[in-house]
Amino acid sequence: MDAKDSAACLLLVFMFLCYSNSIPNSRKFWEFPRDRYSYFSEKERLEMRDKAKQMFYFGYDNYMKYAFPEDELNPVFCTGRGPDHDNPSNININDILGDFSLTLIDALDTLAVMGNSSEFKRAVQLVVDNVSFEKNTTVQVFEATIRVIGGLLSAHLIITDVEQPYGDMRIPDYDNELLSLAHNLAARLLPAFEGTATGIPYPRVNLKTGVPVACSNETCTAGAGTLLVEFGVLSILLEDPTYEAAARRALKAIWGFRSNVTGLLGNVINIQTGQWPGYMSGVGAGLDSFFEYLLKAFILFGDENAQMMFNESYESIKYHIRRGRPNCNKGSGFHPLYMNVNMKNGETLNNWVDSLSAAWAGIQVLAGDIEEAICSHAVYYSIWRKYGILPERYNWHLKVPELNFYPLRPELVESTYLLYQATKNPFYLHVGKDILENIDKYAKAECGYATIHDVTKMDLEDRMESFFLSETCKYLYLLFDKDHHLNKEAASYIFTTEGHILPISPRWREKPWEEYLENDIQDVSSDSEKSVLDVRKNNMTNCDRIPDERRYFLPLETRYLQQVEASIGLTVT
């Protein structure tokens, strides 16, 4: 293993080393729960693990019974859902659904994670026999990449893994059919990268005819900049640099248009001019996974340009977007909060956070900034506790939701899982239990789990998005399955932004076209010689400054818990 491999692995290995040195001698509890969060029994852990598995199968089995081969399950009326052909402008549906059995593809690696060899093999065969991308449907490039290409690649790698860590998932006479499907879909997405002045792709493409005539020239930063992991892996498996090069050029272009004053990016960019019609900068919707994939491209590919971009982004975010006291668990001032600001000058634009920004704490865990992750996570868990479910958008100034729905999103669960893996603090098992039980209580419908229309009323919408099975259920299951291979060998895997599993392997670093790509993307930041934040060097510093009394008990001191909950408007009984 070379130096790059070691550095990448350290980003995940450190999570299991930081908190293993001492057992606390004193306890400091939050006042309202007293001892509630300080212990989680083995019996309860196994019960929650089984309950997470039951939740997955209730959704999956009913999708297969009532919806397959359509894309999604309508869990209230037990029917299937596909694209809205009658209303092409219905992008809430049509960006996601392409008439390609989306939920089944998205759930393939969850079946493997749960050790269900027979159903995994059956599901793969159903995909091979039934899925075609020769469809007159217009889909979002980003969603098709992370859900479908990511799902196909993850399942392909599970089938072909010589070690078979999840049980025997090998399929007799398998001839790389899933890889071929991923290749076929990616080729249909490539026209989105053509005909743009910047190399940033169009947001949507028709799988049969290419870019629609009236396609928008505006795309969100996350949508255009969160393609490198899937496209990079696909290129390496195919030994074809085309896909990785397209994703890298888009990433380089977006980075080049960042503010020269703040270093921040906006949330919507014009793919022809590089101008920012959406100049809001934050860590939530429109930007979230852009930063995630910078870090994961470094971990997976040893991409030092991506590492540099992440480090500089994190520095700019900390300086311009973060508000509150300098340290999470020390000093005075407001509880730390990552705001939405004007990318041009760092001025606050609005007073809300969205549910997608709950994933930020997980990114901070992977970056080694554990204290900050603890503080970030506390905000969203407090909102969850206030309503029993996390609303899509919450106004922290008015202390009310601005968008009241909850579509079974995984971001808070993901951050909870990663924080537990980093700290082994039983607090996060209790958080996971709260999330699992409330989803089961409020979102369970006749034949699946449904979007909650209004968290203040807990009424349901008839839709179960595919990420519920690919991410929400997977992270809940892994949170409570402490002996799972993915938890024991966490330094050997990453999760994509859709929760798909990819192994960290030297094969992702051995690319015959590397020199070509380096020439194509070199000097992405000519105005910066070095990065202030080096995640490879800062990991142990962040771990060391966490006091013993919080390593296995509650992550926030009483006064800071009370502060964040007062800021959210949570009434403690």
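Positions are given from 1 along the sequence. This one's a predicted model, so the numbers in the text were calculated from it and none came from an experiment. As a basis for the values below, the full set of heavy atoms in this structure was taken, side chains included, without hydrogen atoms, waters or symmetry mates.
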Peer 1: Can you list the residues that meet the side-chain hydrogen bond (donor to acceptor under 3.5 Å, both in side chains) rule with Asn351, with sequence neighbours excluded?
Peer 2: none
Peer 1: Do the side-chain N and O atoms of Thr497 and Glu292 include a donor-acceptor pair separated by under 3.5 angstrom?
Peer 2: yes
Peer 1: If the threshold is 4.0 Å, N to carboxylate O, is there a salt bridge linking Lys53 and Asp481?
Peer 2: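 Looking at Asp481 together with Lys53, the answer is no, because their closest N to O distance does not fall below 4.0 Å.
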Peer 1: Does anything in residues 322-387 pair up under disulfide bond (SG atoms under 2.5 Å apart), and if so which pairs, sequence neighbours excluded?
Peer 2: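 Only Cys328-Cys375 qualify under disulfide bond (SG atoms under 2.5 Å apart).
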Peer 1: When you check the gap from the basic side-chain N to the acidic O, do Asp354 and Arg409 get nearer than 4.0 Å?
Peer 2: no
Peer 1: With sequence neighbours left out, what residues match Tyr449 under ring pair (Phe, Tyr, Trp, His ring centres under 6.0 Å)?
Peer 2: Phe58, Phe468
Peer 1: Going from CG on Leu153 to OG1 on Thr496, what distance comes out if it is rounded to the nearest 0.5 angstrom?
Peer 2: 9.5 Å
Peer 1: Enumerate the ring pair (Phe, Tyr, Trp, His ring centres under 6.0 Å) contacts for residues 277-297, please, sequence neighbours excluded, ordered by first and then second residue.
Peer 2: none
Peer 1: Is a side-chain donor or acceptor of Lys296 paired with a backbone partner of Ile494 at a separation under 3.5 angstrom?
Peer 2: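 A pair under 3.5 Å: no.
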Peer 1: If we ignore hydrogens and angles and just use 3.5 Å, is the side chain of Asp303 paired with the main-chain N or O of Ala297 as donor and acceptor?
Peer 2: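 No.
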Peer 1: Please evaluate residues Ile383 and Tyr381 with respect to the criterion side chain to side chain contact (heavy atoms under 4.5 Å, CB included), reporting the C-alpha separation (whole Å), side-chain torsions for both, the decisive distance (0.1 Å), and the verdict.
Peer 2: CA-CA 5 Å; Ile383 300 171; Tyr381 181 48; over 6 Å; no
Peer 1: I would like to know whether Leu476 and Lys51 meet side chain to side chain contact (heavy atoms under 4.5 Å, CB included); could you show each step before the answer?
Peer 2: CA-CA 9 Å; Leu476 283 170; Lys51 192 166 186 176; over 6 Å; no
Peer 1: Donor-acceptor pair, distance only, cut-off 3.5 Å: does the side chain of Ser382 make one with the backbone of Ala378?
Peer 2: yes
Peer 1: Scan for salt bridge (charged side-chain N to carboxylate O under 4.0 Å, His left out) pairs involving residues 321-332, sequence neighbours excluded, and state none if there are none.
Peer 2: Arg322-Glu372
Peer 1: As an exercise, state the distance from CZ of Arg393 to CG of Leu356, rounded to the nearest 0.5 Å.
Peer 2: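 Output value for this atom pair is 10.5 Å.
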Peer 1: Give the C-alpha distance, both sets of side-chain angles, the deciding distance and a yes or no for ring pair (Phe, Tyr, Trp, His ring centres under 6.0 Å) between Tyr475 and Phe495.
Peer 2: CA-CA 10 Å; Tyr475 285 125; Phe495 294 91; 5.3 Å; yes
Peer 1: Let me confirm one number: the CD1-OG1 distance from Ile200 to Thr219, rounded to the nearest 0.5 Å.
Peer 2: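 It comes to 8.5 Å.
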Peer 1: Could you pull out all residues at least two apart from Glu44 that satisfy side-chain hydrogen bond (donor to acceptor under 3.5 Å, both in side chains)?
Peer 2: Lys433
Peer 1: Please list, chain by chain and in numerical order, all residues satisfying side-chain hydrogen bond (donor to acceptor under 3.5 Å, both in side chains) with Glu47, sequence neighbours excluded.
Peer 2: Lys43
Peer 1: Does either side chain, that of His320 or that of Asn345, offer a donor lying less than 3.5 Å from an acceptor on the other one?
Peer 2: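 There is no such pair between these side chains.
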Peer 1: Between Glu42 and Arg45, is the closest basic N to carboxylate O distance under 4.0 Å?
Peer 2: yes
Peer 1: Between the side chains of Tyr387 and Asp454, is a donor N or O closer than 3.5 angstrom to an acceptor N or O?
Peer 2: no
Peer 1: Check for a donor-acceptor pair, side chain of Thr221 on one end and backbone N or O of Gly266 on the other, with a separation under 3.5 Å.
Peer 2: yes
Peer 1: Evaluate Leu337 against Val379 for side chain to side chain contact (heavy atoms under 4.5 Å, CB included), listing each step before the verdict.
Peer 2: CA-CA 8 Å; Leu337 185 67; Val379 172; 4.0 Å; yes
Peer 1: If the plane angle is over 60° it's perpendicular, under 30° parallel, otherwise tilted; pick one for His377 and Tyr428.
Peer 2: perpendicular
Peer 1: Of all residues at least two apart in sequence or in a different chain, which pass the side-chain hydrogen bond (donor to acceptor under 3.5 Å, both in side chains) check with Glu402?
Peer 2: Asn395
Peer 1: What pairs with Lys441 under salt bridge (Lys or Arg N to Asp or Glu O under 4.0 Å), at least two apart in sequence or on another chain?
Peer 2: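 Checked Lys441 against salt bridge (Lys or Arg N to Asp or Glu O under 4.0 Å); zero matches.
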Peer 1: Please identify each residue that fulfils ring pair (Phe, Tyr, Trp, His ring centres under 6.0 Å) with Phe56, with sequence neighbours left out.
Peer 2: Tyr60
Peer 1: With rounding to the nearest 0.5 Å, note down the distance linking CG in Asp483 to NE2 in His485.
Peer 2: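 Rounded to the nearest 0.5 Å, the CG-NE2 separation comes to 13.0 Å.
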Peer 1: Ignoring hydrogens and geometry, is there a side-chain-to-backbone donor-acceptor pair from Lys386 to Ile568 under 3.5 Å?
Peer 2: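 Judged by distance alone, yes, a pair lies under 3.5 Å.
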Peer 1: With sequence neighbours excluded, tell me which residues meet ring pair (Phe, Tyr, Trp, His ring centres under 6.0 Å) with Tyr338.
Peer 2: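 Testing Tyr338 for ring pair (Phe, Tyr, Trp, His ring centres under 6.0 Å), a comparison that skips the adjacent residues, returns Trp360.
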Peer 1: Does a sphere of radius 6.0 Å around NZ in Lys344 hold more than 12 heavy atoms from other residues, nucleotides or ligands, not counting ones at 6.0 Å or beyond?
Peer 2: no
Peer 1: Rounded to the nearest 0.5 Å, what separation is found between the CG atom of Leu251 and the CG atom of Leu227?
Peer 2: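 If we round to the nearest 0.5 Å, Leu251:CG and Leu227:CG are 9.0 Å apart.
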Peer 1: Strictly by modelled atom types, are Thr262 and Tyr319 linked by a side-chain donor-acceptor pair under 3.5 Å?
Peer 2: no
Peer 1: Holding to ring pair (Phe, Tyr, Trp, His ring centres under 6.0 Å), I want the full list of residues that pass it with His335, two or more places apart in sequence or in another chain.
Peer 2: none
Peer 1: So which of Leu418, Thr416, Leu412 actually passes side-chain contact (heavy atoms from CB on, under 4.5 Å) with Glu414?
Peer 2: Leu418
Peer 1: Look up atom CG in Asn267 and atom CG in Leu349, then write down how far apart they are to the nearest 0.5 Å.
Peer 2: 9.0 Å
Peer 1: Measure from the side-chain N and O atoms of Trp276 to the backbone N and O of Phe257, and report whether any donor-acceptor pair falls under 3.5 Å.
Peer 2: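 Looks like yes, one N/O pair under 3.5 Å.
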Peer 1: Would a 4.5 Å heavy-atom cut-off, applied to side chains only, mark Phe142 and Ser289 as touching?
Peer 2: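 Sidechains of Ser289 and Phe142: in contact.
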Peer 1: Report the C-alpha distance between Glu230 and Glu498 in whole Å, list the side-chain angles of each, state the deciding distance to 0.1 Å, and finish with yes or no for side chain to side chain contact (heavy atoms under 4.5 Å, CB included).
Peer 2: CA-CA 11 Å; Glu230 289 84 1; Glu498 185 69 11; 5.7 Å; no
Peer 1: Are side-chain N/O atoms of His484 and Tyr477 paired as donor and acceptor at under 3.5 Å?
Peer 2: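 No - no donor-acceptor pair under 3.5 Å links their side chains.
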